[in-house]
Amino acid sequence: MKFNTKTIHGGQEHDKAYGAVMPPIYQTSTYAQSTPGGHKGFEYSRTHNPTRKALENGFASLENGTHGLAFASGMAAIDAVIKLLKPGDEVISTNDLYGGSYRIFTKIFADFGIKFHFIGMENADKIASYVNDNTKLIWIETPTNPMMNIIDIKAAAKIAKSHNILLGVDNTFATPYLQRPLDLGADIVMHSATKYLGGHSDVVMGALVVKDDALAERLYFIQNSCGAVSGPQDSFLMLRGLKTLHVRMQRHCENGKAVAHYLASHPEIEKVYWPGFETHPNHDIAKDQMDDFGGMISFTTKGNSYENAIKIVERLNIFTLAESLGGVESLAGHPASMTHASIPKEEREKTGVVDSLIRLSVGIEDADDLIADLKQAIG
Ligand SMILES: *Cc1c(COP(=O)(O)O)cnc(C)c1O
């Protein structure tokens, strides 16, 4: 089955009771048993729920995995991955990680005796020099947020394999439409399904997909033991979102390309960060591991004025000033005052998050309207 068919049919079967084309919302916590243990595969909805199961099978299908797991949020999915580790274990991760991931690693799991290394991975070979006997996990994001750096997944997988370390990839920005990390050698794919997978800014959810039975078993055990599962209503909405992932992503990519080129041609714009440009330092890797370049773009303005950046995001009409990304509607964010405000100026500027940086999640509206909106806002 090809990807555009999988988004609709992957892992899905019609409802056995009445042939409903969409899986019913099984809004139930428990299931009747005829005799102790005499059930139809479902006992309690923290452990299993038929609506969630349909969604989990959909996630697995899209990422070319064999097992999917749906969580209450992207952070709950990451939380489950780190719970595979023990005190003394070490993790190698990237230095421009999603802020929430950085926070859970440094403010929650560091206190449990897990050590994290945050390094630049533009050259993935650098990862090897941080590996020691305690290293158990390499955790990467590509493209990264908000600097749109690209990390070579195949190269990271090679290092992970040769040292018997797990490689986890946060595939939120790319989605399986653009990039399938399990095919490139990763062990775990993670999503904030809140973003592109759901696609309509109406659900908070996380996902994990793996293709190894033993690893899946350990993750299901953690999911059931800790209990941060997605509910049946949200699972239904997410499944509905998945069915249009391919058509939405196609338009996100087209609009992203149009907006990136417009910004690059604007005399007031200093720099545009988008992996589709040949001048992007890892454009060749992006071309190799992604099928297109997506709708996430960051840019800076000449003079690097904080006030001017605020003015631009306030003037935007079609782009909504908001956190988050990946929905059908275009969003704009100012990392220095929003997502990265808690990081000291010198620290954030080291990774490129300067005062004038603006991040766009280009939606699926008409590209001409989006460009006209940017034009009037930038002036
Ligand atoms: C939003 C996001 C997360 C966290 O997911 P939630 O669903 O908000 O918990 C993790 N990684 C990336 C790249 C994200 O954008």
Side-chain angles (χ1 to χ4, degrees), residues 52 55 59 63 68-83 91 93-109 116 118 121 137-151 153 168-179 181 186 188-209 223 226-231 234-235 237-238 241-242 245 249 252 256 273 275 290 294-298 322-327 331-333 335 338-340 342-343 351 353 359-363:
R52 192 176 95 217
L55 172 64
F59 283 150
E63 286 286 3
L69 299 94
F71 290 87
S73 68
M75 290 321 302
I78 294 177
D79 177 70
V81 172
I82 304 301
K83 283 173 178 160
V91 179
S93 194
T94 88
N95 63 1
D96 64 343
L97 202 61
Y98 173 71
S101 308
Y102 182 78
R103 181 175 58 194
I104 197 173
F105 291 171
T106 56
K107 295 279 188 338
I108 306 279
F109 284 112
F116 296 88
F118 300 97
M121 293 185 176
L137 174 71
I138 298 169
W139 185 258
I140 65 173
E141 246 171 61
T142 177
T144 64
N145 174 30
M147 299 315 299
M148 308 304 296
N149 289 319
I150 298 291
I151 298 169
I153 299 174
V169 179
D170 181 337
N171 204 27
T172 301
F173 269 41
T175 84
Y177 176 83
L178 297 177
Q179 170 175 286
I188 304 171
V189 177
M190 173 263 155
H191 280 278
S192 170
T194 312
K195 317 292 168 54
Y196 284 106
L197 297 189
H200 295 74
S201 308
D202 51 9
V203 183
V204 172
M205 193 183 289
L208 295 179
V209 179
Q223 183 194 38
C226 299
V229 295
S230 68
D234 283 352
S235 297
L237 278 174
M238 184 57 57
L242 285 190
L245 178 66
M249 286 307 294
H252 282 297
Y273 299 91
M290 299 171 77
M296 295 303 300
I297 299 166
S298 294
E323 311 249 348
S324 201
L325 60 110
L331 300 180
M338 295 167 74
T339 47
H340 292 61
S342 61
I343 306 172
T351 58
V353 183
R359 189 192 77 178
L360 302 178
S361 170
V362 179

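Keep in mind that what you see is a predicted model, and the values were worked out from it rather than measured. Order of appearance sets the numbers: ligands from 1, and atoms from 1 within every ligand.
With respect to atom 7 (O) of ligand 1, the closest heavy atom belonging to the protein is Thr194 OG1, 2.6 Å. For atom 1 (C) of ligand 1, the nearest protein heavy atom (residue, atom name, distance) is Lys195 NZ, 1.5 Å.
Thr351 places no side-chain N or O within donor-acceptor distance of the main-chain N or O of Asp96, the cut-off being under 3.5 Å. A side-chain donor-acceptor contact under 3.5 Å links Glu141 to the backbone of Tyr98. Ser73 contributes no side-chain N or O that, together with a main-chain N or O of Gly206, makes up a donor-acceptor pair within less than 3.5 Å. Side chain of Thr172 to main chain of His191: no donor-acceptor pair is present (N/O by atom type, distance under 3.5 Å, no hydrogens or angles). In this structure, His340 contributes its side chain and Met338 its backbone to no donor-acceptor pair below 3.5 Å.
Note: Phe105 and Trp139 have perpendicular aromatic rings, judged against thresholds of 30 and 60 degrees for the angle between ring planes.
Between His252 and Tyr196, a ring centre-to-centre spacing shorter than 6.0 Å is recorded.
Which of Tyr98, Phe71, Phe173, Tyr196 comes nearest to atom 4 (C) of ligand 1 through a heavy atom is settled by distance: it is Tyr98. When Ala174, Ser192, Ser73 are checked for heavy-atom proximity to atom 5 (O) of ligand 1, Ser192 turns out nearest.
The shortest N/O to N/O separation between Leu325 and ligand 1 does not fall below 3.5 Å. Some N or O of Gly74 is nearer than 3.5 Å to an N or O of ligand 1, by distance alone.
Close contacts between ligand 1 and Met205 involve ligand atoms 7 (O) [criterion: under 4.0 Å to a heavy atom]. Counting atoms of ligand 1 from 1 in the listed order, those under 4.0 Å from a heavy atom of Asp170 are 10 (C), 11 (N), 12 (C), 13 (C).
Put simply, no part of Asn145 is less than 4.0 Å from ligand 1, judged by heavy atoms.
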